[in-house]
Amino acid sequence: MRVLVTGGLGYIGSHTCVELLAAGFDVVVLDNLANSALAALDRIEQIAQRSLAFIEGDIRDADLLDSLLDDYEIEAVIHFAGLKAVGEGQQQPMLYHDVNVAGSHVLLSAMERAGVNCFVFSSSATVYGAEADIPYVETSPVNPSNVYGNTKRIVEMMLADLCQPNDSDWSVAVLRYFNPIGAHPSGLIGEDPRGIPNNLMPYIAKVAVGELQELSVFGNDYSTRDGTGVRDYIHVVDLAKGHVEALKFLAKKQGIEVFNLGSGNGYSVLELINAFKDISGVAVPYKFAPRRAGDLPEFYAEPSKALQLMGWKTELDLNHMLADTWHWQKNNPKGYSAE
């Protein structure tokens, strides 16, 4: 099967390309390099010992999509391309709707024209919101608390509408991620955010290598075991393997299915900082800062549906996540920019 991976040179996309190639899929990547690096391409191929096709371009370019889907005889699409910084989304909502929502509409319309109807969507646990009980299950109430989550939810609704007609031949998996961290154990690919990281783990890693001075911990007065936010962290390699299993699942099913991809365990910010010190031997200086708007005290997944229907579960624990993060960051202190 030949799979188009939008945003395939980004953090999660690059790891997924490795797993797709290892599983025997042919891979075509479309990426505009806005939040990724071309250097990841060679490293993916080095790990997988297989080549992939790369096209630099934007998912909002309908003409490009039409020719790409036809020229490469694409049979399925995994859609990562989009913007994901919660704070930036609050400041620039129309940009987020343009890229995440309108971009997805252009992509799905091109797929419809090409007769390509197998689709895996990179969604997020942020769609659940504050009203959902912990742990989140796929049937929990959906009410995002920020613009980024809203854009993911709108695309989910678009996909549900696509699959609604009785004669629909679409096969769709919506994957709601929790908090991906870690890196490929080779240390060749990992998370390389532009500028100041928006997520906790790359921020910790950049402080550890001296690129940033100290970590800001947003909120220490939550109703959690140590006052800091608790999240469900998942190794990015486990997450990538979840996409491979989703494609295999869709080969046997029409309609839409939603899956949580998480570990089912929650760790606090302070627990992560202390565990990272134990793994790396590096103490990360930090200071407490006010809560960020839209952040929730605690959330983690109930991931049993993915196990029951796809045979997928996490295999790598927190120690693997932190050790692989440190291996990547220590060997690539400036990320891909050194190349």
Chemist: If I take atom CD from residue E245 and atom CG from residue D238, how far apart are they, to the nearest 0.5 angstrom?
Modeler: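 CG of D238 is found 11.0 Å from CD of E245.
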
Chemist: Hey, what's the ring geometry for Y233 with Y267, parallel, tilted or perpendicular (30° and 60° as the breaks)?
Modeler: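 Answer is tilted, since the angle falls between 30° and 60°.
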
Chemist: Could you check whether R43 and N332, counting side-chain N and O atoms only, form a donor-acceptor pair closer than 3.5 Å?
Modeler: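 The criterion, which ignores hydrogens and geometry beyond distance, is satisfied for R43 and N332.
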
Chemist: Rounded to the nearest 0.5 Å, what's the gap from CZ on F259 to NZ on K305? Could you check?
Modeler: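 Spacing of CZ (F259) from NZ (K305) equals 5.5 Å.
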
Chemist: Is there a continuous path of hydrophobic side-chain contacts, each under 4.5 Å between heavy atoms, that joins V18 to L261?
Modeler: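 V18 and L261: one cluster.
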
Chemist: Could you tell me whether the side chain of V230 reaches within less than 4.5 Å of the side chain of S268, counting heavy atoms only?
Modeler: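 Yes. Closest side-chain heavy atoms under 4.5 Å.
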
Chemist: Classify the ring geometry of F119 against F121: parallel below 30°, tilted from 30° to 60°, perpendicular beyond 60°.
Modeler: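 It falls in the parallel class, under 30°.
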
Chemist: Would you say that R231 contacts F299 through its side chain, given a criterion of any heavy-atom pair below 4.5 Å between the two side chains?
Modeler: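 A side-chain contact under 4.5 Å exists here.
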
Chemist: Please identify each residue that fulfils ring pair (Phe, Tyr, Trp, His ring centres under 6.0 Å) with W328, with sequence neighbours left out.
Modeler: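 So W328 forms a ring pair (Phe, Tyr, Trp, His ring centres under 6.0 Å) with Y336.
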
Chemist: Who clusters with V147? Use side-chain heavy atoms, under 4.5 angstrom, across I, L, V, M, F, W and Y, and order the result by chain and number.
Modeler: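 L83, V86, L95, Y96, V99, Y148, all in the cluster of V147.
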
Chemist: Can you see whether Y128 has R176 sitting over its ring - NZ or CZ less than 6.0 Å from the centre and within 45° of the normal?
Modeler: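 Verdict for Y128: a cation-pi partner in R176.
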
Chemist: Under the criterion side-chain contact (heavy atoms from CB on, under 4.5 Å), I'd like the reasoning laid out for V27 against R50: C-alpha separation, chi angles, the key distance, then a yes or no.
Modeler: CA-CA 10 Å; V27 175; R50 288 187 61 200; over 6 Å; no

Chemist: If I take atom SG from residue C17 and atom CD1 from residue I189, how far apart are they, to the nearest 0.5 angstrom?
Modeler: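 The distance works out to 8.5 Å.
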
Chemist: Under the side-chain contact (heavy atoms from CB on, under 4.5 Å) criterion, do M158 and V101 qualify, and how do the steps go?
Modeler: CA-CA 9 Å; M158 194 187 310; V101 178; 4.2 Å; yes

Chemist: Say you draw a straight line from CH2 of W326 to CG of N331; how long is it, rounded to the nearest 0.5 Å?
Modeler: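 W326 atom CH2 to N331 atom CG measures 9.5 Å (nearest 0.5 Å).
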
Chemist: Please determine whether the number of non-hydrogen atoms from other residues, nucleotides or ligands lying under 6.0 Å from atom NE2 of H97 exceeds 12.
Modeler: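 Yes, because the 6.0 Å sphere around NE2 of H97 holds more than 12 heavy atoms from other groups.
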
Chemist: Considering all heavy atoms of both residues, which atom of Y136 and which atom of G129 are nearest to each other, and what is their separation?
Modeler: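 Here Y136 and G129 meet closest at OH-O, 3.3 Å.
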
Chemist: Determine whether M201 and L322 make a side-chain contact, defined as any pair of heavy atoms from C-beta on separated by less than 4.5 Å.
Modeler: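 Counting from C-beta outward, M201 and L322 do come under 4.5 Å.
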
Chemist: Give a yes or no on whether the ring-centroid distance for H243 and F80 is below 6.0 angstrom.
Modeler: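 Between F80 and H243, which both carry aromatic rings, the centre distance is below 6.0 Å.
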
Chemist: Could you pull out all residues at least two apart from Y222 that satisfy ring pair (Phe, Tyr, Trp, His ring centres under 6.0 Å)?
Modeler: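 By the ring pair (Phe, Tyr, Trp, His ring centres under 6.0 Å) rule, Y222 matches no residue at all.
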
Chemist: Against H79, only a single residue in S122, S123, S104 fulfils side chain to side chain donor-acceptor pair (under 3.5 Å); can you say which?
Modeler: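 Between H79 and the candidates, side chain to side chain donor-acceptor pair (under 3.5 Å) is satisfied uniquely by S104.
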
Chemist: Please walk me through it: do K277 and V284 pass side-chain contact (heavy atoms from CB on, under 4.5 Å)?
Modeler: CA-CA 7 Å; K277 179 183 176 182; V284 174; over 6 Å; no

Chemist: Is there side-chain contact between L318 and L272, with heavy atoms separated by less than 4.5 Å?
Modeler: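 Yes - at least one pair of side-chain heavy atoms lies under 4.5 Å apart.
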
Chemist: For a quick check under 3.5 Å, do H320 and D317 share a side-chain donor-acceptor pair by atom type?
Modeler: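 Present: a donor and an acceptor within the cut-off.
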
Chemist: Is any side-chain heavy atom of L247 closer than 4.5 Å to a side-chain heavy atom of L20?
Modeler: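 Side-chain contact under 4.5 Å: yes.
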
Chemist: What's the spacing between N117 CG and E75 CD if we round to 0.5 Å?
Modeler: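 Taking CG in N117 and CD in E75, the distance rounds to 11.0 Å.
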
Chemist: Heavy atoms, side chains only, cut-off 4.5 Å: are L159 and L108 in contact?
Modeler: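 Sidechains of L108 and L159: in contact.
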
Chemist: Are V28 and V120 connected in the hydrophobic side-chain network, where two residues link if heavy atoms are under 4.5 Å apart?
Modeler: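 In one cluster with V28: V120, no.
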
Chemist: So, N220 side chain and G227 main chain: donor-acceptor pair closer than 3.5 Å or not?
Modeler: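 No.
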
Chemist: Without swapping roles, check the side chain of S171 against the backbone of K253 for a donor-acceptor pair under 3.5 Å.
Modeler: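 A pair under 3.5 Å: yes.
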
Chemist: Measure the CG-OG distance between N260 and S304 for me, rounded to the nearest 0.5 Å.
Modeler: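 Here the rounded value is 9.0 Å.
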
